[in-house]
Amino acid sequence: MSATGSSTATTVDVVIPVLNEAHVLERSVGTLRRFLAEHPRYAWRIVVVDNGSTDGTDRVAAGLAERFQDVSFLHLSQRGRGRALRYAWTQSRADVRCYMDVDLSTELAALPRLIDAVAVEGYDVATGSRLMPGARVVRSSSRELISRAYNVFLKAVLRTRFSDGQCGFKAVSRDVADHIVPQIQNQSWFFDTELLVLAETQGRRIKDLPIVWIEDDDSRVKIVPTAWEDIKGVVRLRWQLWRARWAGGPVAAISRDKGK
């Protein structure tokens, strides 16, 4: 058995996409392994996906995979968080595939609830939210403003019903990984939003979970370029949905539930 947990337990791949994170990767994987060992209900496996690092992250990840049976390592030469997630999730055979950022900004206590939403409650997608009631967030005022403005824009243009389009804390079912993820065009940060929009418009059940989230001061996200990429992505999706409607394609029912 290559994962923490019993051989009959539901299998879960926890994917961590990394880019130039050699300085923090080993510590974060250690913290995550200790937490997962305390929750043996699921058969966990940590999958580190390096996408184009140049600081030795790949060597650190390969070393962790050699030392620990419950850690796996994938390497991509091209950059892009979406590309890394698509590759890891579509290669995986786990029952549930999730991901989190290497800085562990999301409090790990939310992870079992995230997986339960898919594995036990039957949702197709579970996503963390920093914006719904019950969430607790520590981050700069500028990032808070940009996040809220983006999600207002998203709802206005695409009429979405999920609360946080860009939270780096999600889980999907095997079926979503096999059928929705391959439809996603974006290879970078907009991957998160596109996943939720496609799932929602195709009638998949999505659960929002309020989380505790603390901003990483060392975050590599470049706010302005990422925001521009997101805006272009929203416009592209709006056009795609309009074209589908004009072509007479069926409009899927939308199912939403808010997790407490």
D124 bridged to R205 by N-O distance under 4.0 Å = no
Listed partners of E144 passing salt bridge (Lys or Arg N to Asp or Glu O under 4.0 Å), at least two apart = R139, R148
Side chain to side chain contact (heavy atoms under 4.5 Å, CB included) evaluation trace for V118 with V125 = CA-CA 7 Å; V118 176; V125 179; over 6 Å; no
inquiry  = Can you tell me if R136 has over 12 outside heavy atoms packed within less than 6.0 Å of its CZ?
reply    = no
key: Polar side-chain atom of T193 near backbone of G165 as donor-acceptor pair, under 3.5 Å   = yes
task = Before giving the answer on side chain to side chain contact (heavy atoms under 4.5 Å, CB included), spell out for N20 and R79 the whole-Å C-alpha distance, their side-chain angles and the decisive distance to 0.1 Å.
result = CA-CA 11 Å; N20 293 332; R79 295 187 174 186; 3.7 Å; yes
query = Under 3.5 Å, is there a donor-acceptor pair linking the side chains of D55 and T57?
reply = yes
task = With sequence neighbours left out, write down each residue that passes side chain to side chain contact (heavy atoms under 4.5 Å, CB included) with A117, or none if nothing qualifies.
result = E121, Y123, A126, K207
key: E21 side chain vs V102 backbone, donor-acceptor pair below 3.5 Å   = no
query = Does the pair R174 and R93 meet the rule for a side chain to side chain contact (heavy atoms under 4.5 Å, CB included), with working shown?
reply = CA-CA 8 Å; R174 181 195 297 264; R93 299 324 305 158; 3.4 Å; yes
key: Charged tip of R97 within 45° of W89 ring normal and under 6.0 Å   = no
key: Any donor-acceptor N or O pair under 3.5 Å, side chains D175, S173   = no
query = Where the side chain of Q166 meets the backbone of S147, is there a donor-acceptor pair that is under 3.5 Å apart?
reply = no
task = Hey, can you tell me if W44 and Y42 have their rings parallel, tilted or perpendicular (30° and 60° cut-offs)?
result = perpendicular
inquiry  = Run the side chain to side chain contact (heavy atoms under 4.5 Å, CB included) test on L108 and M100 for me, step by step, so that the C-alpha distance in whole Å, both residues' side-chain angles and the decisive distance to 0.1 Å come before the verdict.
reply    = CA-CA 10 Å; L108 289 176; M100 62 179 59; 3.9 Å; yes
query = Between Y150 and F153, how do the two ring planes meet: parallel, tilted or perpendicular, split at 30° and 60°?
reply = tilted
